[in-house]
Amino acid sequence: MAQLSLKKIAKVYPNGFKAVHGVDLEVRDGEFMVFVGPSGCAKSTLLRMIAGLESISGGELVIGNTVVNELPAKQRGIAMVFQNYALYPHMKVWDNLAFGLKLAGTPKAEIDSRVREAAKLLEMDHLLDRYPKQLSGGQAQRVAVGRAIVKRPEVFLFDEPLSNLDAKLRASMRVRLTELHQTLRDKGMPATVVYVTHDQVEAMTMGERICVLKEGTIQQVDTPAALYERPANAFVAGFIGSPEMNQHDVELSVTSDDVAFSFGGVRLPLPVVKADRLRSRGNGAVKLGLRPEHITAIASHAGAVRVPGTLRFMENMGSEVFVHAELGGLPFTSRVASDALGDLVGKARGDSHVFHVQMAACHAFDSANGVNLLI
Ligand code: ADP
Ligand code: MG
């Protein structure tokens, strides 16, 4: 186990493409850190630089107390698990787990105890005698994780390890990996993990902290709750949360009485504390942000603003319904518990409905650079 420091890390590929622009990040000893961002934002590039599989163009990478920029992958004390786990097909699970240790000249008794320990941690003792083709996708992925565990690395690196699995299996592997991290901590052998995913649900459920990336730069590093409640900018706000936060460029209207978002005949006055933060901007463009759960179909919160809208369609998720509607000519999604639909029940496309907007929970972003104006 070790901490990991990225100091002004940059990557320029041989073709001149600048993939990473001076990334600064500290991953704490024993921490589960997730890198999340859309495809192409340089998650894999960063991970591969940490692993030593890709050269570092600028900055300093420190594992533990050692600058490892020039250290070969093998000497960095890391283990990596990929999306394509590529087990050796002609070897049984036991040998797949033991292979790396054998190569490294680890004594046989030691190999044996480490393989048994990993198998126990991953609840796969019963699989040790099987060949890879006799495993399900989830079991094979567990073996791939086991191969990393037996190495007892300083740092575990995961690059989208679950993206080849179906949705159900992904959900159960998510829980399993999170529990594994906690089990290792409980046993006094905490593992430092950097886990890459493009899936914000995986990021939110697994990460102790999450690093949100966009085009090779860090947008925000924070706990899942902080990212959700206090996104640094409109990009993070839009990336984290499902359904996505409603965001629209609207007018900020400042009067002596109040400060309000204004669009298509709708006025949404801000609560005093938030209004005070925005008043000095005066009238002008601003980006409004509203999470779907803060637009409700029935009056449920004191101080909510009533807004007439037109129903477009409803997506029934079972316990809740995503209601798509037009408010002031703009599309909004509202997320409502199935038993809180009120008289939306039975309404159809084109029908009008009065929604309730909880302005205490609204967000405002600079419409030019996206910076959150209310944190
Ligand atoms: P992610 O893992 O977040 O999807 P990558 O790290 O794979 O993103 O890629 C980041 C960016 O670097 C992308 O724009 C990609 O096209 C580019 N890239 C990746 N590998 C190379 C390479 N070998 N040469 C040039 N550009 C590359
Ligand atoms: Mg990738």
Side-chain angles (χ1 to χ4, degrees), residues 4-25 27 32-61 63 68-70 72-73 76 78-86 137 140-141 144-145 147-148 155-167 169-170 173-174 177 192-207 209-222 224 227 231-242 244 370:
L4 187 68
S5 305
L6 281 65
K7 298 175 182 170
K8 302 259 172 301
I9 289 290
K11 177 68 187 179
V12 184
Y13 276 111
N15 67 356
F17 180 73
K18 294 193 173 105
V20 177
H21 310 269
V23 160
D24 282 307
L25 180 70
V27 182
F32 199 120
M33 169 70 78
V34 174
F35 288 179
V36 73
S39 177
C41 70
K43 302 179 294 294
S44 295
T45 301
L46 270 172
L47 208 66
R48 292 170 57 80
M49 284 195 284
I50 297 169
L53 302 173
E54 196 68 69
S55 65
I56 296 171
S57 314
E60 227 175 46
L61 175 66
I63 300 179
V68 299
N69 286 46
E70 304 303 329
R76 291 194 187 188
I78 54 98
M80 193 152 168
V81 181
F82 298 92
Q83 174 178 348
N84 296 313
Y85 27 83
Q141 190 52 274
V145 174
R147 245 179 354 189
V155 180
F156 286 89
L157 305 177
F158 291 89
D159 195 353
E160 313 229 11
L162 307 186
S163 34
N164 277 355
L165 307 178
D166 64 55
L169 204 47
R170 230 169 28 234
M173 279 299 285
R174 229 163 51 206
L177 288 177
T192 308
V193 174
V194 182
Y195 186 101
V196 161
T197 179
H198 65 273
D199 178 352
Q200 61 95 20
V201 175
E202 250 173 54
M204 289 293 279
T205 52
M206 298 177 81
R209 284 193 306 155
I210 300 173
C211 171
V212 183
L213 292 156
K214 180 193 173 197
E215 293 168 6
T217 59
I218 291 183
Q219 302 292 302
Q220 188 170 3
V221 184
D222 234 320
L227 282 184
N233 58 43
F235 176 82
V236 174
F239 195 78
I240 302 289
S242 177
E244 220 176 283

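Counting starts at 1 for both ligands and their atoms, in listed order. All figures in this text were calculated on a predicted structure; none of them were measured in a lab.
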**OP:** Could you walk me through whether D222 and R209 pass salt bridge (charged side-chain N to carboxylate O under 4.0 Å, His left out), step by step?
**Re:** CA-CA 5 Å; D222 234 320; R209 284 193 306 155; over 6 Å; no
**OP:** Please report the C-alpha distance between Y195 and F32 in whole Å, then the side-chain angles of each, then the deciding distance to 0.1 Å, and finally whether the ring-ring contact (aromatic ring centres under 6.0 Å, His included) criterion is met.
**Re:** CA-CA 7 Å; Y195 186 101; F32 199 120; 5.8 Å; yes
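In summary, of the residues considered (V221, L25, D159, V23), a side chain to side chain contact (heavy atoms under 4.5 Å, CB included) with F35 occurs for L25 alone.
Per-residue contacts place T45 under 4.0 angstrom from the following atoms of ligand 1 (heavy atoms of the residue considered): 5 (P), 6 (O), 9 (O), 10 (C). Of all atoms in ligand 1, listed by their number and element, those nearer than 4.0 Å to a heavy atom of S39 are 4 (O). Near N15, meaning under 4.0 Å from any of its heavy atoms, are these atoms of ligand 1: 25 (C). Near A19, with a cut-off below 4.0 Å to any heavy atom, the atoms of ligand 1 are 12 (O).
Protein heavy atoms are found inside the 4.0 Å sphere centred on atom 27 (C) of ligand 1. Less than 4.0 angstrom separates atom 16 (O) of ligand 1 from none of the non-hydrogen atoms of the protein.
Between P14 and ligand 1, no N or O atom pair is found at a separation short of 3.5 Å.
F235 approaches P38 most closely through the heavy-atom pair CZ-CD, 3.7 Å.
Nearest protein heavy-atom neighbour of atom 12 (O) of ligand 1: F17 CE2, 3.4 Å. Atom 18 (N) of ligand 1 has its closest protein heavy atom at Y13 CE1, 3.4 Å. The nearest heavy-atom contact from the protein to atom 13 (C) of ligand 1 is G40 O, 3.7 Å. The protein non-hydrogen atom at the shortest distance from atom 7 (O) of ligand 1 is S44 CB, 3.9 Å.
Looking at K8 and D24, a side-chain N of the basic residue comes within less than 4.0 Å of a carboxylate O on the acidic one, giving a salt bridge.
Residue side and main chain included, S39 places no N/O/S atom under 2.8 Å of the Mg ion (ligand 2).
Between the side chains of Q219 and N233, at least one donor N or O sits under 3.5 Å from an acceptor N or O.
V68 has its side chain out of reach of I50: every pair of non-hydrogen atoms, C-beta onward, lies at least 4.5 Å apart.
For E215, the CD atom counts as loosely surrounded, since its 6.0 Å shell holds 12 or fewer non-hydrogen atoms of other residues, nucleotides or ligands.
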